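In what follows, a structure is listed as structure tokens, so that the remarks can point back to it.
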Protein chains: 2
Amino acid sequence: MEPGITDVTSNHDLHSADCQKVSQVLARVGDKWSILIVMFLVQEPRRFSEIKRAINGISQRMLTLCLRGLERDGLIKRTVYAVMPPHVEYELTPLGRSLTEPVIALGTWAFEHIADIEAARTAFDMQEENKGGPTPWQS
Amino acid sequence: MEPGITDVTSNHDLHSADCQKVSQVLARVGDKWSILIVMFLVQEPRRFSEIKRAINGISQRMLTLCLRGLERDGLIKRTVYAVMPPHVEYELTPLGRSLTEPVIALGTWAFEHIADIEAARTAFDMQEENKGGPTPWQS
DNA sequence: CGGAATCCAGACGGATACTG
DNA sequence: CAGTATCCGTCTGGATTCCG
């Protein structure tokens, strides 16, 4: 029996192959850089160095890896212009563009509920703190 | 309007504090187990061992960690019944329940485009293969 | 039953140096 | 400019053991 889940809306079969594939897509969205890159490319095609500058903090190694992964999944298209110095452009494919819709929906949800989440975290952390020991202050 | 990004669709500032927080939520969704757990809890409250059985392949360590993280973010609620043997139930909070909506949207997109993505991967991998060496077949 | 604690291998990812 | 290759520390996460 395989691990995983099937249809997100009906989980009477929490371990089908379909579900594993869906999880792979969710992992892409959850990837630290991939979606940032996709959202940056929504407006227009961009060069490697433009992306690197825009996505603050990404290493060139990770940028290369992410771009390769996105290209492999058919979400972006890579175009090389045979000039000197090299000129490479990345742009969203129709598939990649269609992904932005549910991603924006999720991002909007996140933005709208950040306050709730942070409040919950603070409350939770305070509870945890009270379990560390009986009034360690003023020992 | 405050400095920084307030709209996921406009990325002229991809490294603001807001954006980082949104990324944290996306990371939750992309987490290997968290969303599987959330979707499993949509129907009804579940016990620890029920979840463990449903989510095939998860270790009890990871289940504990995931549940703690989800509880900390206010997405699920943990209820302990003081009986012997121990009985602990997990259920979605309203916040967690509201998250399922955009997640289902994303999951639906993923499910609908799995074929496209796998086709793109196959095509990409075949291109890569042709770069390994000149016709290694029939050596 | 529902964890917590420990150990440990392997994956992830940054920094750096080199190349066409 | 747009990568590739290598090194290497960090973190993730599975397996195992013990506890209330």
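Only a predicted model underlies this, so the values are computations on that prediction, with no experimental measurement involved. Labels below follow one simple rule: chain letters A, B, ... track the order of the sequence lines, proteins then strands, and each chain is numbered from 1.
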Tell me whether the OP1 or OP2 atom of [N] has a side-chain N or O from [X] closer than 4.0 Å.
X        : N       : value
Arg47(A) : dA2(D)  : yes
Arg61(A) : dT16(C) : no
Arg78(B) : dG3(C)  : yes

Do the side-chain N and O atoms of Arg46(B) and Tyr90(B) include a donor-acceptor pair separated by under 3.5 angstrom?
no
If you measure only the distance, is there a donor-acceptor pair under 3.5 Å linking the side chains of Lys21(A) and Ser23(A)?
no
Out of dG14(C), dG13(D), dA2(D), whichever nucleotide has its closest atom nearest the side chain of Val88(A):
dA2(D)
If we fit an axis to the first five pairs and another to the last five of the helix from dC1(C)-dG20(D) to dG20(C)-dC1(D), what angle do they make, to the nearest 10°?
40°
Tightest non-hydrogen contact, residues Phe40(A) and Ile51(A), listed as CE2-CA, 3.8 Å
By nearest heavy atom, map Leu67(A) and Lys32(B) onto DNA chain D; which one lands nearer the 5' end?
Leu67(A)
Side chains of Arg61(B) and Thr64(B) in contact at under 4.5 Å (non-hydrogen atoms):
no
Between P on dA17(C) and CD on Gln60(A), what's the gap in Å once rounded to a whole number?
12 Å
Does atom CD of Glu101(A) have more than 12 heavy-atom neighbours from other groups under 6.0 Å away?
no
